[in-house]
Structures are given as structure tokens and as C-alpha cells.
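A short worksheet on the structure shown next.
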Amino acid sequence: MVISNVCCIGAGYVGGPTCSVIALKCPNIKVTVVDKSADRIAQWNSDKLPIYEPGLDEVVKKCRNVNLFFSTDIEQAIKESDLIFISVNTPTKTFGNGKGRAADLKYVESAARMIAEIAQSNKIVVEKSTVPVKAAESIMQILKANQKHNVRYDILSNPEFLAEGTAINDLLYADRILIGGEDTTDGHKAVEKLGWIYQHWIPKENIITTNTWSSELSKLAANAFLAQRISSINSLSAVCESTGADVSEVAKAIGLDSRIGSKFLQASVGFGGSCFQKDILNLVYICEGLNLPEVAAYWQQVIDMNEYQKTRFSQNIIECLFNTVSDKRISILGFAFKKNTGDTRETPAITVCKTLLEEGAQLDIYDPKVEPEQIIDDLTHPFVTESPECVKKSVQIHNDPYSAVQGTHAIVVCTEWDEFVDLDFNRIYQSMMKPSYIFDGRKILDHVKLENIGFHVQTIGKRLQKNGGSFWDKIPQ
Ligand SMILES: NC(=O)c1ccc[n+]([C@@H]2O[C@H](COP(=O)([O-])OP(=O)(O)OC[C@H]3O[C@@H](n4cnc5c(N)ncnc54)[C@H](O)[C@@H]3O)[C@@H](O)[C@H]2O)c1
Ligand SMILES: O=c1ccn([C@@H]2O[C@H](COP(=O)(O)OP(=O)(O)O[C@H]3O[C@H](CO)[C@@H](O)[C@H](O)[C@H]3O)[C@@H](O)[C@H]2O)c(=O)[nH]1
């Protein structure tokens, strides 16, 4: 099997870690990750990588400039390679047909056009990006229509299932590798070649092959199923809050049924991240295009429930704080969409912060990995009711959790960072305004201990009443 040179177009959250692990596990393959962003490539070549991911630094340090290269010379990398991963972003369209729903494939298309322009020898082109079903067909059309030399292309679908914060582990010990290809002799050969790369570290039985369209759809389906579980448990969290049931107990009770399983049943302020919402919206759009409105509506509800959860949590904060947060200082602990990443794409913290800002609150924000500029950017783009200057006046970013809680009325936990569990809450209580509130949007804190210190505690899917005076009192019994 002779794949000796791999190129990856797109040095992002997927391209970077995936290719680093391929380089680590396949020392005889030269792996070049290219990007049109010179800044991003410079960061990959520096001591401070552009993304935070546990274990990534070590892998990059070991392989960089040995058999792993980060470069802006896209032309050279395409020319040299046998196999090219397209790992560019596929965000939700913000304009025109399918605005707010369809995946924007302009970056995939431009990558395909570049390959067609440059390639002088046969290439296996691999869709690593998450794309709509049948995208491979469009890529093939672009490649064939623009073919410069007598080059043969094979297109494969090889979706990525890594989750941020655990990317290296997910890549090293993937549950499965999915490869979709054409059901022809050449198609099978291409699938085998890509499979051979993964066989360097993934057991053969975990590498599954399907037709191209099944592979493309499986990626959207996997994310839809995962997000659906979160929306399902979050919907029940509202029932728990109104009845006195505890959503963690419910999750445990149902999760022990081996048919249901225990994972992805953690009720929360809502799911975030660059994928779930984008991919489900894309699935909904595809279903509408296929004239399957009932199927589209079914999956749309997963997104709607997530919006409901984020809004519900934010409104509860305001109601608990005597229906006004105007000029009150509120600490936000955690801004990333989950722990162990600095990524803020679609983080529920944005909804919480924007709601509080619209109500006139002053925010003191701390996150161990998110850059301050990123937080300001997220809260000002696009901002409907306030100018960016107003937002900046109302937001202070801290590099220490204790300074972020000093003199504030309430703490809102938006990300489940481990370090929040071990904070000295006695010290924090002393430094806050009274009554002191904690809104635990991630269910990570010891609520009984906090109540014993004197905090008023609110969380998702459970009534905590010890210190009374909360919005639960309004609920008719
Ligand atoms: N982030 C995740 O955890 C994750 C997991 C699985 C799948 N995915 C999918 O993988 C794809 C990439 O996601 P990401 O999070 O890595 O995106 P990203 O935005 O972090 O990275 C994409 C990179 O592609 C570059 N790029 C775009 N067009 C280019 C071009 N024509 N030439 C060279 N570079 C180009 C951009 O500059 C950017 O650096 C998406 O389709 C996403 O849905 C993401
Ligand atoms: O029980 C849970 C599990 C997750 N979340 C939230 O859901 C979001 C997404 O979490 P996770 O799926 O762990 O991270 P992602 O990096 O978004 O990974 C998802 O999206 C990727 C991009 O497509 C896929 O590759 C992964 O398989 C898929 O898990 C985060 O806000 C989590 O806090 C919950 O609220 N409750």
C-alpha cells in the first residue's frame, strides 16, 4: 500500500489534531497541513498552538518538522500528495438560499477548485469536513470539469467524530473509523488505501466501510442523535423543576437500562459547539429539500428545545434576582462551550451573557482558556440592542476566578471546568454582596455545601429550597 504523502487543507480544530495523530502513528508518511490563514499556520509552528486541546502539544512537538509540517504553500503540498483531506469549515449559511440553515460549502468548493487547478498526478480526495449528503458528487463534478492534466480522482467520505476537549484521545482510540466510497474496483482500492493509514493504530474491525452517501449521512445522524439526547434530558429537567423530581436521579435511573445507556444524559444550560446546531440545521434543510416536512420538524425540535433551555436558564437568573439585574454585578464562570477547550462557538454562555447585558447587568467573566478578545468579540458581534462600546463598558474579563467574584451579587456557572469544583466558596461568599446567589448551569458544584455556607443556589432540573425566596415559590403546588 503506497500512501507516502498526505496533505490536509484546513488547519483548524479537526485538520490540526487529526493530522498530528496520523503523523504520530505513521512515521513513514509525510503529513502537510495547509491553510490560507498565514496567522493560523504561524501559530501551529510556534510554541502556542492556535487551539487548546489536552495532549496536543506533546504530539505536535514530537512530530513537527519530522514528518508533520504546517505550511501556507498550498500549491506545493497538493502537488506532492497522494491523498488530500479537505478539512475546511462548513458553517451555516448567513445569506441567500438556505440562510440560517444550509451548510455553506464555499470553502469546500474552493478547496476542490484549488486541487483541480494544481494536481498533476492521481489523487484520493477525502471529505473530512461535515457536508450534506451527496456533496461528494459536487466535488467530483468540480474536479472533473476543471481537470488540467490527465489526473484520476477518487473521492471518499471520511467524517470525523472527535469531540473537542478529548480530541487526541478520541483520535487515538476512535470507536470507529467510517469510510464511504464508490462501489467500483477503483473505489474499493481508494477505500483500502485510506483504511491502511488508519490501520497503523485502529483495529481493522473498527474501520467500517459504506457507500459514500451513507457515510455522509451517518455524520449528520450521529450528531443529531447525540444532541437529541441532550435536548430530551433538558426537556425533562423542566419537568423536574416543576415537580420536585431530580433530573440527575432520572438520568441515572434511565441510563442504567442498557438499551438507553448512560452517556450524553447530563442536563445542562444547553448544548453549544460548532457542530450540533449547524449539522442539525443542515439535516433539517436537507429534509425540507427532499419534501419530508415531518422529518424536518422532528429534528428542528431538538434545536428549539436547546434554545428554550438557554433562555429558560437566563430568565430564571433574572427572576431570582428580584426581577432586576440592572446595574447588578454578576460573575460568569466559564465561557467556553465545554471544559478543556478554548472554543466559544455557539457557547450557551453567549445567550446567558447577552440576556443579562440587555437587562443592564455588569458582567465579570472568567474562563481559564478563552482569550479576552474572543469574549468581547462574541458579545459584540452581532449585538442588537447595544453598541460595542456599551458592551465593553459593562464587561470586565478576569484572569483569576476570585477577582471575578469580588463584590458581585451572583455567580453563574456556564462551563463545567474542573477547577470550579475546588474553589474556596467560603472565601468567595465573604467577598460577595448579600444575598449571594449561585446559578449552576452545569450541575458540578456541591449544592448542599454551598447552601450551608449561606448561598442561595439554583441549578438545572432540581429544586433547592433551603434559603427560600426563589422563583420556585411562585409555582403552584
Ligand atoms: N470542531 C470539531 O470538533 C469538529 C469535529 C468533527 C467534524 N468537524 C467538521 O470539520 C470541518 C472543519 O471544522 P473545524 O472546527 O476544524 O473548522 P475551523 O474553522 O477550525 O478550521 C477550518 C480551517 O480551514 C481553513 N480554510 C478554509 N478554506 C480554505 C481553503 N480554501 N484553503 C485553505 N484553508 C482553508 C480556514 O482558514 C480554517 O483555518 C467542519 O466541516 C466541521 O463541521 C468539526
Ligand atoms: O450530556 C451532555 C453532553 C454534552 N453536553 C453539551 O453538548 C455540547 C457538545 O459537547 P460534545 O459533543 O462533547 O463536544 P463537540 O466537540 O461539540 O463534539 C460533537 O460534535 C463534533 C463535531 O461534529 C462530533 O465530531 C462529536 O462526535 C460530537 O460529540 C457541549 O456544550 C456540552 O457541554 C451536554 O450538555 N450534556
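This structure is a prediction, so every number in the text was calculated from the model and none was measured. Atoms within a ligand are numbered from 1 in the order they appear, just like the ligands themselves. Just so you know, these numbers use all the heavy atoms, side chains as well, and skip hydrogens, waters and symmetry mates.
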Closest heavy-atom approach to atom 12 (C) of ligand 1 among V88, T166, T72 is made by V88
Please indicate whether any nitrogen or oxygen in A163 is less than 3.5 Å from any nitrogen or oxygen in ligand 2. no
Checking heavy atoms under 4.0 Å, the part of L226 that sits near ligand 2 is side chain
Could an N or O of ligand 2 be found under 3.5 Å from any N or O of F337, whether backbone or side chain? yes
Could you say whether the N/O atoms of D279 and ligand 1 ever approach to under 3.5 Å? no
Quick one: look at K219 and ligand 2, take heavy-atom pairs under 4.0 Å, and tell me if it's side chain, backbone, both or neither. side chain
Measure the distance from atom 9 (C) of ligand 1 to every protein heavy atom, then report the residue, atom name and distance (to 0.1 Å) of the closest one. T130 OG1, 3.4 Å
Is it the side chain, the backbone, both or neither of I9 that has a heavy atom closer than 4.0 Å to ligand 1? side chain
Is it the case that ligand 2 has an N or O less than 3.5 angstrom from some N or O of I230? no
Counting non-hydrogen protein atoms only, what is the nearest one to atom 42 (C) of ligand 1? Give residue, atom name and distance. K278 NZ, 3.8 Å
With a 4.0 Å heavy-atom cut-off (strictly under), which part of C275 contacts ligand 1: side chain, backbone, both or neither? side chain
Can you tell which of N306, N223, N234, D170 gets a heavy atom nearest to atom 23 (O) of ligand 2? N223
K219, any N or O under 3.5 Å of ligand 1 N or O: no
Restricting to heavy atoms, the pick from E346, K278, R229, K338 nearest atom 11 (P) of ligand 2 would be K338
Polar-atom distance check: G273 versus ligand 2, any N or O pair below 3.5 Å? no
Judging by distance only, is a nitrogen or oxygen of R442 under 3.5 angstrom from one on ligand 2? yes
Nearest to atom 35 (O) of ligand 2, what protein heavy atom do you find, and at what distance? S268 OG, 2.6 Å
